Amino acid sequence: MNYPTLDSVSYHELVAQIPTAQQLESQGSLQQELHEAALATARENFGREVYVRGVVEVSNFCRENCHYCGMRRSNRGLDRYRAEADALLRMLLDERPNCITDINIQAGEDPVAVREVVIPLVRSLKASTALGISVCLGTLSPELTRELQDAGASVYIIKFELANAALYRELEAPGTLEERTNHIRWLAAEGWAISSGFIAGLPGQGIEAALENFRLADSLPLVGCSVSPFIPGDATPLASSEPASLDLTLNCMAALRIMRPDWVIPAVSALNLAGPGSGYQRGLLAGANLCTINLTPERLREDYLLYRKDRFIMNEERILSAIQSVGCYPSSTSLAQRYERQLPRPELMTA
Ligand code: SF4
């Protein structure tokens, strides 16, 4: 199978290259060819630079009820927390790793934490550091969203999770799919750089539904997109389901890289669960170009229950070693700076 390079076709043709089922299901030499094409595409567009951001998980309260997440509101067995903005600020000012250029402030969908923790933290970080500031906080009101932007955040991470509306409903993903995608378009029109994402290998998501994820991603005004392997979470209705295969997850990442050479694609920490030992590095070799160091205070981490309590934490040492092992180095440019130059096509901002 031949894959185009930026030299061989126009940028617009590459934008439209939705993968095939055969690519997503590939193994052996076909899979190797797919991953090599993705890696070559990443190198061509980003060189050997990998973005490195930190993440702080500031609240595990959530008003949503996604079946694939341990922080869903129906999980009454979870100790809920909201971190203190001042303590996080001190840690980020005094102890953050030198290699991070951006910080992502993440929480369940918890407007109280946004008001009490996130906005003050964003404001202080903006005033005293050059960090790019991303937030991943769910679907908030226009007022709260604009306050975040005024405080200094410029990147919004909001995954559409899955593109099949019926399955979306069945799994109680946030709101409705239509509301979610309309919110993404609204955020982009408000001037946010949007990184979205979807889950690979969800129960009930066949190959056709997997392909829908690509078509939807391509139709949205994004600057980046993640692929997370489905991991059956403790204390969720899907606890006894089969996890996503590493192969499918990596194939989705590689296909996404080829579909959108310009997007920033993270290597998510769950690759360590889908493929213990080498899953994370293989993500970087399938076209990912962003790593995230977890800076959530240790005593809070295990209650940020996306999957299970024994989390695999990507600390500074693990991230730097993974980047080095694939012959790359941390970028000195922040994601926020890159995104200032990478505005999405305006026609994608309206439904
Ligand atoms: S995935 Fe996000 S929105 Fe859904 S329950 Fe978990 S924290 Fe809440």
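Order of listing sets the numbers, starting from 1, for every ligand and every atom in it. All values derive from a computational prediction rather than experimental measurement.
For ligand 1, the atoms closer than 4.0 angstrom to any heavy atom of C69 are 1 (S), 5 (S), 6 (Fe), 7 (S). If you number the atoms of ligand 1 from 1 as listed, the ones under 4.0 Å from a heavy atom of R72 come out as 5 (S). Within ligand 1, the atoms closer than 4.0 Å to a non-hydrogen atom of G108 are 7 (S), numbered from 1 in the order shown. For ligand 1, the atoms lying closer than 4.0 Å to a non-hydrogen atom of M71 are 7 (S). Those atoms of ligand 1 that come under 4.0 Å of a heavy atom in C62, given as number and element, are 3 (S), 5 (S), 7 (S), 8 (Fe).
Between R169 and E178 no salt bridge is recorded (no basic side-chain N to carboxylate O distance below 4.0 Å). Under the 4.0 Å criterion applied to side-chain N and carboxylate O atoms, R338 and E49 are not assigned as salt-bridge partners.
Among protein heavy atoms, the minimum distance from atom 4 (Fe) of ligand 1 is reached at C66 SG, 2.2 Å.
Using the six-membered ring where Trp is involved, Y304 and Y81 have ring planes that are tilted, between 30° and 60° apart.
In this structure, Q31 places its CD atom where more than 12 heavy-atom neighbours from other residues, nucleotides or ligands lie under 6.0 Å away.
In this structure, CD in Q27 is found 11.0 Å from OG in S29, a value given to the nearest 0.5 Å.
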